[in-house]
Structure formats: structure tokens, C-alpha cells
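A short worksheet on the structure shown next.
A, B, ... follow the sequence lines: proteins, then strands. Residue 1 opens every chain.
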Amino acid sequence: MSKHLTDFILHLADSTLILGQRNGEWCGHGPVLEQDIAITNITLDLIGQARSLYQYAAKLINEVSKLSESEVPPAEGFKAASEDTLAYLRTEREFKNFLLVEQPNSDWGQTILRQFLFSTWQYYLYQQLKEKGSDTTLAAIAEKSLKEISYHVRWSGEWVIRLGDGTAESKKRMAHAIQELWPYTGELFLPAPYEKVAEVDFDKLKPAWFKKVSDVFNEATLLVPQHVYMHTGGKTGTHTEHLGYMLAELQYMQRSFPGCEW
Amino acid sequence: MNTILIRKFFYGDIPDETGGGELPQTPSKEAGKEWPLWEVLIRSKQGLDHKHAGSLHAADAKMAIENARDVYTRRMEGVSIWVVESKYIHATNPDESGELFEPAEDKIYRHPTFYELPDEVNKM
């Protein structure tokens with residue numbers, strides 16, 4: 001029961017952290033100064049959200065491990081879980097993020113499309129977590145994050161419209177980005193075993209997401225793909241080859257110099 | 001003549017041709033593609049005036065407001081944003097500043113410093 005809840009929170013945290021890490025690669029490379037700042041602002045929002053979720057997951061993990069301490073003595077070098085150990089000391093197979101967020105950056109259009117698809121999913125899911133409120137900590141994190149997410153949806157949605165309904169070149173690039181990323185959107189609505197405990201209502205989540213995305217695509221004169229093969233596995237730890245490289249960079253310092261601080 | 005172009009990419013580096021930005025072109029072409037300049041005015045608190053904060057580039061008013069939000073209000077500087085395209089602002093010519101502003105210099109009687117203020121009136 002509790003393990004499932006922890007896994008669900010880690011899934012939310014990992015998806016947010018990994019997208020933040022991907023967006024962070026734009027820092028200093030944005031198409032114009034203003035957009036460089038905008039995408040890195042969003043990155044900081046995402047990493048902030050990931051921190052709240054990791055802190056909560058760490059708290060739950062430590063509560064469980066204290067209960068079992070009397071029976072099994074903790075392994076040597078055992079350290080209490082923290083936001084840092086969860087982000088820096090788990091392996092690729094332990095990460096539960098969507099495949100969507102680990103895909104490498106190509107052009108600006110692909111980056112903002114990925115942000116739009118993800119933020120829209122986040123928006124409707126967090127609404128559910130906030131309204132259900134059965135887990136007060138999760139509901140509070142959702143409520144706080146929703147203010148940021150609403151802006152991310154608006155910002156990225158307007159970019160999708162601007163580029164889709166822009167020049168021939170920008171439209172071509174957006175169509176290409178949709179073709180590239182759409183096969184990773186099926187996973188957003190494929191329940192993982194640990195999600196039963198979170199009572200996510202996928203029957204409501206998917207149509208809400210699809211309507212928002214279709215509305216924006218229509219305004220952007222872009223087509224919604226039909227009958228696409230969907231890649232899955234990220235939520236349960238089977239990732240594309242890209243995540244390993246990301247974690248190598250993300251975790252390098254803690255792996256090389258355990259416990260280092262600055 | 002064959003030209004071989006060798007490009008080296010580093011991990012996490014985004015090549016220019018896919019980075020969203022336009023490739024460097026001739027200066028004249030580039031100038032035509034620049035987004036227009038916008039002036040940004042921010043109100044820091046309810047009840048205060050909007051003050052000029054700076055300028056930025058944006059394709060349209062919506063983008064200008066979002067850019068202003070990201071560039072100028074990241075540290076809680078504002079509660080309201082105005083943007084106006086810079087081309088709509090008409091300015092005085094610095095060459096004419098003599099005739100425009102200097103005549104005011106020796107007319108100190110225009111400052112309300114000759115009134116005695118009651119003590120109850122602070123902050124004037």
C-alpha cells in the first residue's frame with residue numbers, strides 16, 4: 001500500500017525532474033534571450049516541484065524503514081532517504097519517468113510541444129489530486145504547482161499555435177515534432193500497478209487532455225495523429241537509451257564524490 | 001572545389017541549425033527578421049504607477065507580456081505589466097533639449113517651496 005504510494009510520488013517526481021534536466025540544456029542556447037529565460041524559468045519551476053515530491057517520498061520511505069528496523073538491521077552505510085539520495089543515487093531502472101520527457105532535444109518546436117503535452121497532462125492530473133484531497137500533502141503540492149503549471153500550459157500552448165500557424169518552415173517543424181513525440185503520449189494514460197492506490201481517474205484524465213490538445217492543434221492548423229503505435233515502459237522503469245546518458249550527467253558529482261556539498 | 005565541413009558537438013549542446021534560432025545571415029536579411037522592440041512598464045504594488053522597466057523583443061503583444069513576465073518579474077517585482085511597441089513612443093530630440101528644458105532652470109518660483117506646511121502634512 002505505502003510502497004505503491006511512494007512509487008506513484010516517485011513517478012511524478014522523476015517525470016518532472018527529467019523534463020527539467022532536458023529543458024535545462026537550453027540554458028544559454030535559447031533562440032532569443034527572452035525565450036532562453038522563459039524556458040529556464042519553467043525548468044526551475046519543474047525542479048522545484050520535483051523537490052517537494054522527493055521530500056515527501058523520502059519522508060514516507062523513512063517512516064517505513066523505521067518500522068522494519070527492529071526486525072532487520074539496516075545495511076552497512078545505510079542512510080536515511082532524502083530528496084538528494086532519491087534524485088542522485090537511484091539507477092535508470094528505478095526511475096519511473098515517462099519516456100516522453102527523456103527524449104533528446106531537437107529544435108525549439110519539439111521542446112515546446114513536449115512541454116505542452118506534459119504540462120497539459122500535469123494540469124488535469126494535479127486538478128484531480130487537489131480535488132480528491134485524500135492525501136493532504138499531495139493535494140497541497142498539487143495546489144501549489146497548479147499556479148505554475150497553468151502558466152506553462154498557456155505559454156507552451158501559445159507557442160504551438162504561433163509556430164503551427166506561422167510560416168511554412170515553422171509549420172513543417174511542428175508537424176515533424178508531433179510525429180516524433182506523439183508515440184510517447186499513450187503512456188500518459190496507461191495505468192501502472194502503483195497508480196491504483198492514487199485513485200487517478202484515467203477515464204476523466206484522457207478525454208480532458210485530448211480535448212485541450214486537439215483544441216490547440218486545431219487553432220494551430222496542425223493535425224492530431226490517428227492510430228499511432230505507442231511506446232511504453234517508462235513508468236515501470238524500462239527506458240529508452242537516452243535516460244542513461246542523462247543520469248550519467250545528472251548524477252556524476254554524487255557518484256564520483258559521495259556526499260559532496262557546495 | 002570541394003569544401004568539407006566538420007562540426008563537433010558536445011553532449012547537451014544544441015547545434016545551431018536545429019536550435020530554433022536562425023542561422024547567421026547577411027546583416028540586412030537578419031535585420032528584417034528581428035522581432036519588434038517593446039517597452040515594458042511594471043507596477044510594483046497596487047496603487048503605485050507603472051514604471052518603465054526596460055525593453056525586449058517579441059513577435060506580438062501576447063508574447064511581449066509573457067516575455068516581460070519572465071524577464072522582469074522573476075523576483076516578485078510586479079503585480080501588473082504594460083507593454084507598448086517602441087515605435088509608438090515619440091520622444092524629444094536631444095538636440096533640442098536647450099530650448100525645451102533649460103528655460104525652466106532659473107524659475108525657482110515654480111517650485112512650491114515658498115509655502116509653510118503644517119506639521120500634520122508629512123511626506124511632501
Please check if atom [atom1] in [X] has more than 12 non-hydrogen atoms from other residues, nucleotides or ligands closer than 6.0 Å.
X: B/I89; atom1: CD1; result: yes
X: A/R255; atom1: CZ; result: yes
X: B/Y72; atom1: OH; result: yes
X: A/E143; atom1: CD; result: no
X: B/E85; atom1: CD; result: yes

Would you indicate whether the side-chain heavy atoms of [Y] and [X] approach each other to under 4.5 Å?
X: A/L33; Y: B/H57; result: no
X: B/M63; Y: A/W159; result: yes
X: B/R74; Y: A/N41; result: yes
X: A/W155; Y: B/R69; result: no

For A/Q35 and B/N67, which I'm curious about, is there any donor-acceptor pair between the side chains at under 3.5 Å? yes

Could you check B/E66 against A/Y151 for side-chain contact (heavy atoms from CB on, under 4.5 Å), going step by step and ending with a plain yes or no? CA-CA 9 Å; B/E66 288 176 7; A/Y151 183 75; 3.3 Å; yes

For B/D70 and A/I37, indicate whether the former's side chain and the latter's backbone hold a donor-acceptor pair under 3.5 Å.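 Not a single qualifying donor-acceptor pair exists.
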
So which residue, A/E158, A/R154, A/Q110, ends up with the most heavy-atom pairs under 4.5 Å with chain B?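 Option with the top pair count is A/E158.
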
Identify, with sequence neighbours excluded, every residue that meets side chain to side chain contact (heavy atoms under 4.5 Å, CB included) alongside B/A64. B/W38, B/L56, B/A58, B/V83

